[in-house]
J.: 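The structure that follows is given in the form of structure tokens.
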Protein chains: 2
Amino acid sequence: MTTKKATIKDVAREAKVSIASVSRVLNGLGGVTAETQDAVRKAAARLHYVPDNAARSLITGRTHTIGAVLPDLYGEFFSELIRGIDLAARARGLHLLVSSSHDGVDDAAAAVRTMRGRVDGMIILSEFVDGAFLEQNVPADLPVVLLDSPVDNPRYPAINMDNIAGAQAMVKHLLDAGHGSVAFVTGPAGNYDAQEREKGYRAAMARFAPKAPLTIVAGDFTEESGYRAGRELLAQATRPRAVFAANDMMAVGCLYAFKEAGVRVPQDIALAGFDDILIARYVTPSLSTVSVNIADLGKSALLLLTELMEGKGRLDGPHTRTLRCDVVARESCGAPQTNVATKHPPALV
Amino acid sequence: MTTKKATIKDVAREAKVSIASVSRVLNGLGGVTAETQDAVRKAAARLHYVPDNAARSLITGRTHTIGAVLPDLYGEFFSELIRGIDLAARARGLHLLVSSSHDGVDDAAAAVRTMRGRVDGMIILSEFVDGAFLEQNVPADLPVVLLDSPVDNPRYPAINMDNIAGAQAMVKHLLDAGHGSVAFVTGPAGNYDAQEREKGYRAAMARFAPKAPLTIVAGDFTEESGYRAGRELLAQATRPRAVFAANDMMAVGCLYAFKEAGVRVPQDIALAGFDDILIARYVTPSLSTVSVNIADLGKSALLLLTELMEGKGRLDGPHTRTLRCDVVARESCGAPQTNVATKHPPALV
DNA sequence: CGGCGGAACGTAAACGTTTTCATCAAAACT
DNA sequence: AGTTTTGATGAAAACGTTTACGTTCCGCCG
């Protein structure tokens, strides 16, 4: 109880063997008699011995830990993402070191740097990363997987969701449902996802409704900004028949603006978001959206990372992968519902 | 670039000084001339030197990392909790190592053990911990803060939310609103929070409505179980006037059961939950609940932990603290709304 | 002018592992 | 029976730091 802490030496002494044998037994390396094994295990248990990870990783150069660098932990998106990563990591016996809340480039750089020697690989999701940033801050031999990043560099594979296709599909869906004009609420200017989604909106409009007007109002992914955007849209001379917000939170903001104004959804105006956050199911009317299976994104990133770690930086497939997005039509778009999962949220596993 | 990785020796050679001086400069220990400092810094920058954390913590015994052991990362509760912890940790220059998804005692024990030498302290939230568990698995000198735990041991300070008082307050609130009979939906059997909340319900009923019937149906904190509980309650001979679910997800489940049956909330039956998760604001009618400020819980835990780490295990105040819970009355309880924060979610900071 | 104190710096030990290599005994060949 | 092979074991080096302790040099005081 009050004993300092048992080291491998103590175990060796207690078991009357050398430290080498203790190491062999505890790491299951073989080349040890059953009796010695037994003695070592007993001694280790008696002393409550647990190997010191610092010493271990100093010599092996491995930490069995991967780092996740995220801009924030707030909201369902990051929560789900980190959950996906954690689950996959844990299944592989890897620990997860998280680092979040970066206000600027320097902050992000510091976060990445201090991970040196602490992790075997990193998953980075940050608007601040680009090729130069990575060269500067990431040790040459450290595997990195990028999330939602425009960086196109074989050394830093990226996993993106198919924002463009998803947005296009949703716009087409709204048009097909008979809503002739579709307005768009953008995300924050610097955000990659937001830009891609806007691209998808423009592409779909150009293709499927070339003569309809293009209505675009600015938002920043917050509910508040969605609410303002909603009011702004209602105030316009000719209201759009449908509104497509670049994410769900803004769509919810719109919804409240519409409710407040007595505008019925979807009868008077249809509404759709992007992300399929949990809330989307629970608002009234339930929100049509584009689903990305965020946890899967995290999982895929981790899988790719481990592949990278084992392959020593060499990768088989292409260095950037894309995750499918699906339209899930609920009540708010005024079309027959499709793709809606069971009413209740996914199981824990 | 393609260089292996710079060690302190390389920097020393490059700057033409000893490794001791490099260490002194980089750690700001003084006893070094300005010129030497300059030379060292320049050399370090030139080589992109970053000290190896494994080596450092091996010798210093500190990792500047704290571990968070949680049962899961799913759902808003844990998400908010970890966010609170992370924010506070980051403000103190500490890293955060998370470990979740423990299926049983052994799993949890393994999680705690493998953190040895990886963290300077731990925050544990798990139904599996008790005094014996901790003695067994936590190194004697490692500071630990417990969350939501019945353990009452000076060596393991705990932070709990005031479940009993919160539940009592909510029941009283429902009774005061004129709902003569209040039913309760329990959480999972082993869960500490759930037990405390039930205690609060019983206490309040005994005190404020001694002759009203006690209706209790079992749930397990999932929406699904809440849905079933809701149906069960409707099927009873005499329906209760109000339902108090041990958490918000179950309340939402009830809500859907009631909607499905055409029972109006709150006119036909009032409803309340516990936790104040984000969804509570967005369902229709908005859900009355008991708010716990989860992020604050995490923050408090981290603060207590650092206090413990600096004080070398000695603590000033009492070894268990309690966080206030507040009734927030929204639409579902059929009383004037109180305590409802701004319509939009809290700011990011 | 000689000794002394202190600042600047270097040498080397220590931290707790893993792993290479040598050692040794016993088992397996010739 | 002598020699080789095999398998178990131990001694010691290495990992990259921090830090206690020496050493050197200089200026100062007696």
Side-chain angles (χ1 to χ4, degrees), chain A residues 3-41 43-44 47-65 114-120 139 141, chain B residues 3-41 43-44 47-65 113-120 139 141-142:
Chain A
T3 65
K4 293 295 166 194
K5 39 186 169 180
T7 82
I8 198 174
K9 281 187 189 168
D10 300 323
V11 178
R13 188 174 342 106
E14 180 86 4
K16 300 193 209 305
V17 297
S18 75
I19 60 170
S21 294
V22 176
S23 175
R24 278 188 278 257
V25 171
L26 266 33
N27 293 344
L29 296 185
V32 203
T33 45
E35 306 149 36
T36 330
Q37 288 205 26
D38 207 53
V40 168
R41 280 192 216 291
L47 298 176
H48 290 107
Y49 170 73
V50 182
D52 182 294
N53 284 296
R56 188 182 283 204
S57 46
L58 174 58
I59 187 97
T60 60
R62 320 215 89 216
T63 62
H64 292 126
T65 302
T114 61
M115 286 215 173
R116 150 102 191 240
R118 248 185 244 273
V119 299
D120 293 342
D141 55 345
Chain B
T3 64
K4 294 291 165 197
K5 40 184 169 180
T7 81
I8 197 172
K9 279 187 189 166
D10 300 323
V11 178
R13 184 171 348 100
E14 180 86 6
K16 300 193 210 304
V17 296
S18 75
I19 59 170
S21 294
V22 177
S23 175
R24 278 188 278 256
V25 170
L26 267 33
N27 293 343
L29 295 185
V32 204
T33 52
E35 306 149 37
T36 329
Q37 288 205 25
D38 208 51
V40 169
R41 279 192 217 291
L47 298 176
H48 289 108
Y49 170 72
V50 182
D52 183 293
N53 285 296
R56 189 183 284 211
S57 46
L58 175 58
I59 187 104
T60 61
R62 320 215 88 217
T63 63
H64 292 132
T65 302
R113 277 220 207 81
T114 61
M115 287 216 173
R116 150 100 191 241
R118 248 185 244 273
V119 299
D120 293 342
D141 54 345
L142 192 68

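It should be emphasised that the depicted structure is a prediction, and the values quoted were computed from it without experimental measurement. A, B, ... follow the sequence lines: proteins, then strands. Residue 1 opens every chain. Computation of the quantities below employed the complete heavy-atom set of this structure, encompassing side-chain atoms and omitting hydrogens, waters and symmetry-equivalent molecules.
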J.: Please report, rounded to the nearest Å, how far the C1' atom of dA7(C) is from the CD atom of Gln37(B).
T.: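 Interatomic distance, CD of Gln37(B) to C1' of dA7(C): 14 Å.
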J.: Check this for me, if you would: do Asp10(A) and Arg13(A) make a salt bridge, where the nitrogen-to-carboxylate-oxygen distance has to be below 4.0 angstrom?
T.: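 So Asp10(A) pairs with Arg13(A) through a salt bridge.
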J.: What is the distance from CG of Leu26(B) to P of dT19(D), rounded to the nearest Å?
T.: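 One finds 13 Å between P of dT19(D) and CG of Leu26(B), rounded.
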J.: How close do Ala54(B) and Ser57(A) get, counting heavy atoms only, and between which atoms?
T.: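 Closest approach of Ala54(B) to Ser57(A), heavy atoms only: CB-OG, 3.7 Å.
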J.: With no hydrogens and no angle check, is any side-chain donor or acceptor of Asn53(A) less than 3.5 Å from a backbone partner on Thr114(B)?
T.: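 It does hold such a pair.
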J.: Say you draw a straight line from CG of Asp120(A) to CZ of Arg62(A); how long is it, rounded to the nearest 0.5 Å?
T.: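 One finds 4.5 Å between CG of Asp120(A) and CZ of Arg62(A).
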J.: Quick one: CG on Leu47(B) to OG1 on Thr7(B), what's the gap to the nearest 0.5 Å?
T.: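 These two atoms lie 9.0 Å from each other.
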J.: Roughly how far apart are Arg113(B) CZ and His48(A) NE2, rounded to 0.5 Å?
T.: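 If I round to the nearest 0.5 Å, the distance is 8.0 Å.
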J.: If a pair satisfies side chain to side chain donor-acceptor pair (under 3.5 Å) and one of its residues is in residues 22-31 of chain A, list it, with sequence neighbours excluded.
T.: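 For residues 22-31 of chain A: none.
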J.: Can you tell me the distance, in whole Å, between the CZ atom of Arg13(B) and the P atom of dC9(C)?
T.: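 To the nearest whole Å, that distance equals 19 Å.
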J.: Looking at every strand, decide which applies to Ser57(B) at a 4.0 Å heavy-atom threshold: base, sugar-phosphate, or nothing.
T.: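 Nothing, no heavy atom under 4.0 Å.
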J.: Between Ile8(A) and Tyr49(A), what is the shortest heavy-atom contact and its length?
T.: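 That closest heavy-atom pairing would be N-CE1, 3.5 Å.
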J.: Using five base pairs at each end, measure the axis-to-axis angle across the helix from dC1(C)-dG30(D) to dT30(C)-dA1(D) and round it to 10 degrees.
T.: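 Taking five pairs per end, the axes differ by 60°.
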J.: How would you summarise protein contacts on nucleotides 14-20 of chain C per nucleotide, using B for base, S for sugar-phosphate only and - for none, with heavy-atom distances below 4.0 Å?
T.: BBBBBB-
J.: Counting only side-chain nitrogens and oxygens, does Thr33(B) get under 4.0 Å of the OP1 or OP2 atom of dC9(C)?
T.: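 Answer is yes, contact under 4.0 Å.
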